[in-house]
Every structure is written in C-alpha cells, then in structure tokens.
Amino acid sequence: MSTPATERDPRRGALVARLGRFLPPDALVTDPVGLRAFETDGLTMHRRLPMVVALPGSRDEVSQILRVCADLEVPVVPRGAGTGLSGGALPLEDGVSLGLSRMNRILEVDVANRCVVAQPGVPNLAISEAVAGYGLYYAPDPSSQIACSIGGNVAENSGGVHCLKYGLTTNNLLGVEIVLMSGEVVRLGGKHADAGHYDLLGLVTGSEGLLGVITEVTVRVLPRPETARALLLGFPSNEAAGACVAAVIAAGIVPAGMEMMDRLAVRAAEAHCHPGYPEDSQALLIVEVDGPEVEVDALVERITALARGEGATSVRASTSEAERQRFWKGRKAAFPAVGRLSPDYYCMDGTIPRGRLPEVLAKIGEMSESCGLAVANVFHAGDGNLHPLILYDASDPEQIERAEAFGADILRLCVQVGGVLTGEHGVGVEKRDLMPEMFSETDLRVQQRLKCAFDPEGRMNPGKVFPTLHRCVEEGRTHVHAGEVRFPDLPRF
Amino acid sequence: MRTLPCQTAAEVAERVAAAAAGLRRLTVVGRGSKAAWGVPVEADAVLDVSGLAGVVAYEPEELLLSVRPGTPLEEVQALLAERGQQLAFEPPDYGWVLSRQSAWGTIGGAVSVNASGPRRFRAGAARDHLLGVTAVSGLGETFRAGGRVVKNVTGYDLPKLLAGAFGTLGVLVELHLKVVPAPEDTATLVIRGLSDTEALEALGEVARSPHEATGLAHWPDPSEGARTVVRVEGFTASVAHRIGALAKQLGGRGETEVLDATASEPLWAAVRDGRPVADAAMVWLVSVPPTGALQVLEGARPEWWLLDHAGGRVWLGYDEARAEQAEQVRGALVQGGHATLLRAPEAVRRAVPVFQPRPTAHANLLRRVKEAMDPEGILEPGRMG
C-alpha cells in the first residue's frame, strides 16, 4: 500500500512535533482512521483527508497553532461542526484542519444586556436553550440548529426560516474575538452596538473562514414573542402562490416566516411524516406570524383573505401550538423526505427577487426535463431564497456530473434574473468557479485585497470562495493586481 | 480648493483614478451636512457627488430601493412614504447637533456614517439595510458588492464595510437599500420624574418584555423635568394593546401619559436628532452595553445627556469644549464600548482622537483595510484618525 498523500508532506513531522508540545494527545489527530472523520462537511460529494487535525481547547491554543502553521508555511482550514453545505471546511491535503468543537462552553448569559457570550463550538440551539428561562431566544435558526455551531454560523452568516423578520446572523451579532493567521487576537464589537469605526465585524461575518479563526461570539437575544400561529395555504399553481407572497408583502405584513413547497416536495413530506398537507395542491405556502395575540389573530385573518383573493384552494390556520408544530413538521423534514425519493439529492441555494419566482420555477422545471433529473423545490419564499433539491444517484459518476451541471445552471439563472449565487449556504468550493457569473474581475480583485489585509500569505482556507489565487504583493505603491494563479490541483465544476 | 463636480459614476471613477495617479487627496461631499464630523481633512480637491442623484429603481413589492448617493434624504423619505414604506434605520437629521439647525444630508451621507435612530436596537442601522453597492476604490476601480436581494452571502460583505467608513474606503455611486412597510400606527408612553437609575431599570424591563417597543429613551429636561419615553409601532389594534399593557406595567413608577401617533412624531424626531444635547459646545455619541450607561454618566459628568436604546446609546453634551474631556469620556466606558466626538470646534477635533482608539492589533488591521481599498491614501485622508 502506498503512503497516503497526507503523510508524504515533508513538513508533517515538524508540524506534529511542534503542535504536540502544547496540545494534549487527544487534541491532535494524525492517524488515517481518525482523519477520516474530518474528510468532508455537509457537501459530501467532496472529500479529502487533511494532513493533520488540531482541536484546540482555548483561544491561546488557537493562536499558538496558527503561529506554528505560519512559521512552517502550512495552510489552515477552520472547521465548526462540519454541517456546512458549500464545502467551506473541505480539508487540504497539505493543511491543518482546525476544529473548534472542543471550545463548546457558554461563557456568559447577560440578561440585563440581552446577550450571550459563547465559545465558537456551542451549537446554535444551545444558546436559545440557555436563555429560555428568561423568556429570551436567539433568532437565527438554520435547519441544522441542533448541530451547527455558532462559530460556523458567523463564518457562513447563516440564515434560517425566521430571518425574514429577524435578519441573518450578521444582524443579530454584537461581537467576536478572532485570531489572525499571524496569531494576533482581535476583538471586534462586544456587548454594544455599532463598530464606531470600520465595520470589521460585518466584514468577518460570512467570510467563510478566510480572514480569521473565530474564538468567541457575542449574540443578542430577543424576547420570545407572546404567541405565534401558522397558516397552511394550498394553491393550484406556482404563479398563484407567488402572487400571494407578493400580496402579503404589499399589504405591509412582514411575517416571521413564509415558506413554499412545490408539488413534489409536498408529496414527499406527506409520505414521510404525514403533516396533513393538502396533496392536491400544486404549491403550498406556510406563513407564520408572531407577536401579541391580538396582532397575530388580526394578521391571520388578513392573510387568509389575501390568500383566497389569489385563488387558494385550501386555507388552514393553526389554533394550537401542537397544530403549528405539525404544520412545520413537513417543511422541516422536507430534505430527508425528498431524500427518500432518491438515493441522493443536491441542495442549491440561490436567491432571486420575489417577483421572479413563478418564472424561475417554470424554467427550473424545463431544465429538469431536459437533463433528466427530477427536482423538488423548497423555498424561503418571503426573502426569495430558493432551495431546489436535485435528485440523483451518487453511485453513478455520470449522474454526479449532470447534477452539478444542472445546479450550476440554476445558479446562473438566479444571477440572470437579478439574484445571487448563495442566500445562506456560502460559496465554499461548491460555487467558487461560478463567482465570475456574478462578479467582475475588478469586483473580485477588491475583495481579495481585503483578504490580504487579514492574511497576506493566503494561508487561511485557501481554495475557497475565490476562483483564482491572488498574491498579496507589496512593492511600493504598485500593489497586488498582477500574478493571479490558477489552482491546478483543486476539483472544480 | 478645487471642486470636481460629478454627475455620473463614470465621472467619479475617472476623477478618482486621475487623483490617484497624481497623488491628489480628495474629500467627498454631497450636501456638506456632515463636514464638521470627524477629523478635519487636508485635501487638494473636493469631489462633489451632489449631482450624482436620483432614484434608479424603486420596487415597493420587492422592498427594494436603488438610489444614487447624492439624493437628498428628504426626497427618499417622501418617495417611500407615498407607498407606505420607510427606511427602518430612521436616519437622524444630524444638522441639529453639528450646526444647530436642520440640515438633512444625502442618502449616501447617511450610509457613510452608518446612521441610525431610536429604532436601532430593534431594526438595526444603515449597515443592516444596505444590500448592495457600486463604489469606486481609491484606485479609481468601479466595483460592485452585495446584491439587490435581502438574503445574500456571496462574497465578502463589503456594503457593511463601506457603511460607516466616512468615504475613506471608497466613493459610493449606487446603493441598493432594503426598505420596510411603515407602521400603521404609533403610540408613546411618557413617564415623568424618574431618576436616571429608575428610568434605565424601567426601560430595561420593557426591552426584555414581548411588547416589541421600538423606542426606549430618557433625558432630564431643565424646564419640564425628566422624561422617560417608550414607543410602540405596528398595526393599530396591536399598538393599542401593547401601549395599554405597558401603561399598566409602568404606571406605578411616576406620572404617565400616552401620546398618539401625531404627538409621538416630533418627540421621537427630537430623540433621533439628539435635540436634548444639541445646544452644547461639545457633543459625544457613546455606544455601550446598556448596563454601562450609568457609569458613563457618573464618570463623564456631562452637563446635558440623552439616554437612548435603553441605555445602549448615550449622547453627552458639555457647555465648554475642552480636549481633556476625551479622556474623561473614554475613561467612563467601564463595561466597554466606544465614544465618538460628534461636535467640537476644529481645533479640538484635531487635538483629540475623534474615533475610539483601538488596541495595536486592531488598529493595524484597520490601517491595512484602508490600504487595501485606497492604496494611495487619497480618499478623505485622516478623517477617521
């Protein structure tokens, strides 16, 4: 048997020895079996073994690891819970995967200032649980919230069903502590609002592990709304459902969530967990409103009237918390439900202007027919964030290729109608080569110059987000622009 | 100083590129309403973008406004109001504090200082509503960042970086803003005679309650006594319900009164614009954890003050502008936060750091970010210290 590539790197011995001086043995993974657990994240079609995995237990250990890596010129891939869907934590064969899972303590619940200070490995849901007794909660709720980490949420600027009303991670974040590739520690924000200078907190949020390693997070928590109700609205067509979404927004209503599922997704959910969805509908909307009871009841009536005006064939409003949960059950299980229809599915994440919804769904349907792969659509309709699920069989390499090409075509379509490549999952390796569809060379060059301000040697998560490597040259005032090098060794599609 | 008027984005790019090539320093001006905010700038020319104005596209059903930066803020607000919408971040009329009279600036100016009003703790600041931009870097490169949709994580969030950069990182040439439905109704609960401590306690309770207040302020008024004010906005029935519940909850604390939407409007405009401190010779804008507000008042000893955001924002006013006050104000940030010098004579703004000084690693990072966006250092040199 030949030696794995990860063990051939001449720097490996020195790296392991130097990291071993300060990391406990269980915080350093070097054997092929142990490394296997880190070979992929939520984008499982890409796998690669890292050279070494380091699992620091403190900010100081993170800083020491980065100093060693900088010294040995070894790249670093930060990793939270590994639930990301764009391959942002895909390892490098010649790199260290830096896992933050051991830094998993909530450091402070500050009720008076309505915030929580947590280490990066704390799961998203644990924050809401920590403040539930005070009637507070953390609003961003990605569907993986039981598992995904708050540090990963910051790195990806994660969304969720309720970000229509309450915003993404970036709108609910007060501060972070980051460690730069140089090992320097910088605190951005705190328990107060606004940067008071350049908004580096805003820049770091959603930077996909390219600018620094997040070692502490402060989020604001909100009072839990008095009550919440959900409506289940069935429509005879995608157009009618899309028109209802527009009508709700036009009426001045910003629901807590407004989700859409197409016929295939509805049927899959119904077969999977029997939430009681109207199976004769071509499109289903779940609209949730929250707030004081008097407001919620009035909005339920208004939305009911709007839905009927747009030709809804089925209208039900939850009258109990149990019923509200049941309405959501099918939506929350939509991905695994669709997973039962097919050996594998590939989840896309473009955002489009709300008004283009029917047209885009129709085009996706045509593309699906011509490429021979079925697609189920689950959609954050309120903010235009599409999640088409492409059904394919990963045991057939030709189908993988077709699924990836179909996915790329969907994202191109999103950009063409005025939307973007990714609404909440990130660019990672998945959409890296599609970046030029949305950004010009100049746009990307400016972004990469900012990368240089944080990481001049390009050692933090290289190969993610940007299709070409950018060299940070500092020669007097003739900066940077020259010398863009392709990555010949990285997979692309 | 020479003025370089710009009517188009291409002209901005051309003029900035020429300035970069000739190492000529530029100060960027819309209506000049915030010229007295920040460190005085030494520039060779004024890039006047007031002519780069007008709405590019307003799509009420998409909650989206695309607008050129030189567009007057009043025009933007009137346009949105026609369709029952608004800018949720409630940009203040900083003229009251900066020049003792109303001086609405431009939308580009409001974004460039990351403006926000009393609703900040709930709805965010300009940075939270800037979906995308087209801007010109200090090298004259025209670049786009962000997008025109509310949910977008494609590439770095440069709109956030440009919001609040006072024009030092790039010249904005087009903005895509998220707009929101304006509330159907507004009401305000006024409580009189509370001490600062009592007021902060009451406001904190409301902030933690599910009544969704969108304004939580307190200030001493020499003629009328201290006022503590709580605002609720939304659908009429909901506003009535919540203001009733709040009046009941806080009724025992002091003499209370409920104001309707019409009476609420000028009151919250005054809070938004910092009117209670506007006559002071020196004004600071302080951001702290809400529980740090009392320590700010105790340590900074202002003659005038206004507590907003349940204590998270503190406006401090002094009758005399003395450079030594900078240390006193910043020394009072016991629980962290930052203090920005908003109003002071030019000599004082040269003598003290206008923006909060940062630890070395952070300061170096800020400098490198500036160099990345403006390698020649020609945009608003020194304005942010």
Side-chain angles (χ1 to χ4, degrees), chain A residues 112-114 156-157 159 167 170-171 184-186 190-200 202-203 205-207 223-226 246 249-250 252 254 291-292 294-295 298 351 353-355 383-385 418-424 426-427 438-439 442-443 446-447 449-450 452-453 477 479, chain B residues 61-63 84 114 120-121 124-125 127-128 137 141-145 147-158 160-161 163-165 180-181 204 207-210 212 234-235 237-238 241-242 287-291 312 336-338 340 355-356 361-362 365-366 368-369 372 375-376 384:
Chain A
N113 289 314
R114 287 163 278 126
E156 300 291 328
N157 190 16
T170 189
N171 311 110
E184 290 170 291
V185 177
V186 181
K191 292 180 177 178
H192 55 276
D194 297 326
H197 204 284
Y198 299 152
D199 189 356
L200 301 184
L203 181 65
T205 309
S207 63
R224 199 165 268 294
E226 256 176 37
I249 300 283
V254 179
V294 52
E295 174 173 327
T351 303
R354 296 175 193 86
D383 43 33
N385 187 198
V420 299
L421 295 173
T422 173
E424 56 182 358
V427 176
M438 190 168 146
F439 293 117
T442 309
D443 302 340
V446 170
Q447 295 199 25
R449 286 214 300 267
L450 283 166
C452 295
R477 292 196 155 183
H479 279 243
Chain B
E61 66 290 351
E62 296 287 345
L63 305 178
N114 190 28
R120 169 71 178 92
F121 68 96
R127 53 97 74 182
D128 295 289
S137 78
E141 304 151 301
T142 302
F143 65 93
R144 289 178 315 133
R148 302 175 73 240
V149 292
V150 285
K151 211 166 163 193
N152 175 19
V153 295
T154 322
Y156 295 141
D157 198 343
L158 298 200
K160 294 226 168 27
L161 190 60
V180 300
R208 291 186 294 277
S209 79
E212 298 185 2
F235 297 101
S238 172
H241 165 79
R242 287 181 285 150
S287 179
V288 284
T291 54
H338 53 79
T340 306
F355 296 90
Q356 182 76 22
H362 190 164
L365 195 53
L366 292 169
R368 293 198 300 268
V369 165
E376 312 291 4
M384 295 193 83

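Fair warning: this is a prediction, and the values are worked out from it, not measured in the lab. A note on names: the letters A, B, ... follow the listed sequences, proteins ahead of strands, and every chain is numbered from 1.
Looking at B:Val288, only its backbone comes within 4.5 Å of chain A, counting heavy atoms on both sides. Neither the backbone nor the side chain of A:Ala298 comes within contact range of chain B; no heavy atoms are under 4.5 Å apart.
Note on B:Arg127 versus A:Asp199: salt bridge recorded, some NZ/NE/NH1/NH2 to OD/OE distance being below 4.0 Å. Using a 4.0 Å cut-off between a side-chain N of Lys or Arg and a carboxylate O of Asp or Glu, A:Glu226 and B:Arg242 do not qualify as a salt bridge. Taking 4.0 Å as the cut-off between side-chain N and carboxylate O, B:Glu61 and A:Arg354 do not count as a salt-bridged pair.
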Please determine whether side-chain contact (heavy atoms from CB on, under 4.5 Å) holds for the pair A:Asp194 and B:Arg120, giving the CA-CA distance in whole Å, both sets of side-chain angles, and the decisive distance to 0.1 Å.
CA-CA 10 Å; A:Asp194 297 326; B:Arg120 169 71 178 92; 2.8 Å; yes
Check the pair B:Asp157, A:Thr205 against side-chain contact (heavy atoms from CB on, under 4.5 Å), reporting the backbone distance first and the verdict last.
CA-CA 8 Å; B:Asp157 198 343; A:Thr205 309; over 6 Å; no
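Using a distance-only test at 3.5 Å, with no hydrogens or angles considered, no donor-acceptor pair links the side chain of A:His197 to the main chain of B:Ala165. A donor-acceptor pair under 3.5 Å is formed between the side chain of B:Thr154 and the backbone N or O of A:Thr422. When atom types are taken as modelled, the side chain of B:Arg144 and the backbone of A:Met438 share a donor-acceptor pair closer than 3.5 angstrom. Of the possible donor and acceptor atoms, none in the side chain of A:Glu424 sits under 3.5 Å from a partner among the backbone N and O of B:Val153.
Interatomic distance, CG of B:Leu158 versus CG of A:Leu203, reported as 6.5 Å (0.5 Å rounding). Summarising the geometry, atom CD belonging to A:Gln447 is positioned 9.0 Å from atom CZ belonging to B:Phe143; distances are rounded to the nearest 0.5 Å. Taken to the nearest 0.5 Å, the CG atom of B:Leu63 stands 10.5 Å off from the CG atom of A:Asp383. A:Asp443 contributes atom CG, which lies 9.5 Å from atom CD of B:Glu141 (distance to the nearest 0.5 angstrom). With values rounded to the nearest 0.5 angstrom, A:Asn157 atom CG is found 10.0 Å from B:Lys151 atom NZ.
Minimum heavy-atom separation, B:Gly336 to A:His192: C-ND1, 4.4 Å. Between A:Gly418 and B:Val149 the shortest heavy-atom distance is O-CG1, 4.0 Å.
Here the side chains of A:Leu450 and B:Val369 are in contact, with some heavy-atom distance below 4.5 Å. Looking only at side-chain heavy atoms (C-beta outward), B:Arg368 and A:Cys452 stay at 4.5 Å or farther from each other. The side-chain heavy atoms of A:Asn385 and B:Asn152, taken from C-beta on, include no pair separated by under 4.5 Å. The closest side-chain heavy-atom distance from A:Arg114 to B:Pro290 is below 4.5 Å. Between A:Glu295 and B:His241, every side-chain heavy-atom pair lies at or beyond the 4.5 Å cut-off. In this structure, B:Glu62 and A:Ile249 have side chains that are not in contact, with every pair of non-hydrogen atoms separated by 4.5 Å or more. Under the 4.5 Å side-chain criterion, counting only non-hydrogen atoms from C-beta, A:Pro292 is in contact with B:Ser238.
The residue among B:Ser209, B:Gly234, B:Gly312 with the most heavy atom pairs within less than 4.5 Å of chain A is B:Ser209. In terms of heavy-atom pairs under 4.5 Å with chain A, the best-connected choice from B:Pro289, B:Ala125, B:Gly204, B:Pro181 is B:Pro289. Of the listed residues (A:Gly384, A:Gly426, A:Pro353), the greatest number of heavy-atom pairs within a distance under 4.5 Å of chain B belongs to A:Pro353. Each of A:Ala246, A:Gly167, A:Ala195 has some count of heavy-atom pairs under 4.5 Å with chain B, and the biggest count is that of A:Ala195. Among A:Ala250, A:Ser207, A:Pro225, A:Gly291, the residue making the largest number of heavy-atom pairs under 4.5 Å with chain B is A:Ser207. Of the residues considered (B:Ala207, B:Gly164, B:Gly147), B:Ala207 shows the highest number of contacts with chain A, using heavy-atom pairs under 4.5 Å. The choice from A:Gly206, A:Gly355, A:Gly190 that makes the most heavy-atom pairs within less than 4.5 Å of chain B is A:Gly355.
For the residue pair A:Asn113 / B:Thr291, a side-chain donor-acceptor distance below 3.5 Å is found, with atom types taken as modelled.
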